[in-house]
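Heads up: the structure comes next, in structure tokens.
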Amino acid sequence: MRRKLLFGNWKMNKTIAETKVFGKESVELEKFAKSKNVDIGIAPVYLSLAALKEANPSLIVASQNLHYEDHGAFTGEISIPMLKELGVDWAIIGHSERRSYYNETNESCNKKLLAMEANKMTPIYCVGETLEQFEKGVTKKVIEEQVLEGIKGLSKAYVEDMVIAYEPVWSIGTGKNASKEIAQDICSYIRELIKKEYGDASSKIRILYGGSVKPENVHDYLAQKDVDGALVGGASLKVDSFRQLIENI
Ligand code: PEP
């Protein structure tokens with residue numbers, strides 16, 4: 001039985017002080033989530049990782065990115081040992097904003113995922129097609145490339161415990177939701193791809209939907225057979241809204 005997972009991606013929002021306030025309130029939020037058998041986590045900006053961990057040590061805290069090298073001449077980057085020192089052992093990899101604004105590719109994502117496996121970190125690997133690709137009807141081809149190139153070389157045991165998020169680029173931060181049928185179709189397609197490569201790891205891996213998920217629509221997505229949770233941007237920024245997401249599952 002796969003546990004449901006609601007993950008907040010805060011993008012470039014909240015100062016350290018604002019994060020501390022949320023972090024303290026997240027203690028109750030996490031208890032509430034546990035009572036509903038739901039896992040929750042948050043990916044704040046790098047600067048706030050330590051503050052969030054300190055405010056709520058049991059919360060799953062993820063970095064929004066990382067570099068695959070441990071150290072070196074990579075201005076502006078952060079590495080796995082730096083995150084582990086803070087007790088952060090999750091990271092979002094390949095978010096569409098990083099793919100489109102910072103030239104993240106399937107190949108660079110693969111290097112990051114391999115480095116994460118070597119260091120026992122859990123990834124949320126994001127895949128999704130652009131509006132143009134959706135309109136051309138090549139969604140599954142794009143998803144197949146992103147999934148298979150991204151996870152190349154990972155072990156079966158690692159893939160079982162990782163998380164993949166299907167986030168159609170045209171639905172992120174736009175208020176334009178993919179239908180629940182599209183979410184189910186693509187999440188089930190991702191599970192099939194995993195099955196072909198890794199056999200029964202496909203029944204354990206958690207696959208999330210992301211893109212304008214709100215308290216009003218979260219239930220529709222999570223009621224789908226292959227949707228194990230949601231990656232949520234805007235609606236994860238306020239404690240009340242996060243609580244409603246959990247409540248409405
Ligand atoms: C995201 O940032 O991954 C996301 C899905 O954002 P939003 O929920 O705001 O569309």
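First listed ligand is number 1; within each ligand, the first listed atom is number 1. Numbers here are sequence positions counted from 1.
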Suppose we measure from [atom] to each protein heavy atom; which comes out shortest, and what is that distance?
atom                   : value
atom 9 (O) of ligand 1 : Gly234 N, 3.0 Å
atom 1 (C) of ligand 1 : His95 NE2, 3.3 Å
atom 2 (O) of ligand 1 : Lys11 CE, 2.6 Å
atom 3 (O) of ligand 1 : Glu167 OE2, 2.7 Å

Verify the neighbour count for atom [atom1] of [X]: are there more than 12 heavy atoms of other residues, nucleotides or ligands below 6.0 Å?
X      : atom1 : value
Lys84  : NZ    : yes
Phe74  : CZ    : yes
Glu145 : CD    : yes
Lys156 : NZ    : yes
Glu107 : CD    : no

Could you list the atoms of ligand 1 found under 4.0 angstrom from a heavy atom of Leu231?
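Result: 3 (O), 5 (C).
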Using a strict cut-off of 4.0 Å, indicate which atoms of ligand 1 neighbour a heavy atom of Gly211.
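Once the distances to Gly211 are compared, the set is 5 (C), 10 (O).
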Do Leu231 and Val45 share a hydrophobic cluster (ILVMFWY, side-chain heavy atoms under 4.5 Å, transitive)?
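Looking at the clustering, Val45 is in a separate group from Leu231.
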Ignoring angles and geometry beyond distance, decide whether [X] reaches within less than 3.5 Å of ligand 1 through its nitrogen or oxygen atoms.
X      : result
Gly173 : yes
Gly233 : yes
Thr174 : no

Determine whether the side chain, the backbone, both or neither of Asn9 has a heavy atom under 4.0 Å from any heavy atom of ligand 1.
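Under 4.0 Å from ligand 1, Asn9 contributes side-chain atoms alone.
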Does Ala165 approach ligand 1 within less than 4.0 angstrom via side chain, backbone, both or neither, non-hydrogen atoms only?
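Neither; no heavy atom under 4.0 Å.
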Does some non-hydrogen atom of Ser171 fall short of 4.0 Å from ligand 1?
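It does, in that a heavy atom of Ser171 comes within the 4.0 Å cut-off of ligand 1.
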Tell me which pairs pass salt bridge (Lys or Arg N to Asp or Glu O under 4.0 Å) where either residue lies in residues 6-26, with sequence neighbours left out.
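Pairs touching residues 6-26 that pass the test: Lys11-Glu97.
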Do the ring planes of Tyr221 and Tyr209 sit parallel (below 30°), tilted (30 to 60°) or perpendicular (above 60°)?
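Parallel: the ring planes of Tyr221 and Tyr209 meet at under 30°.
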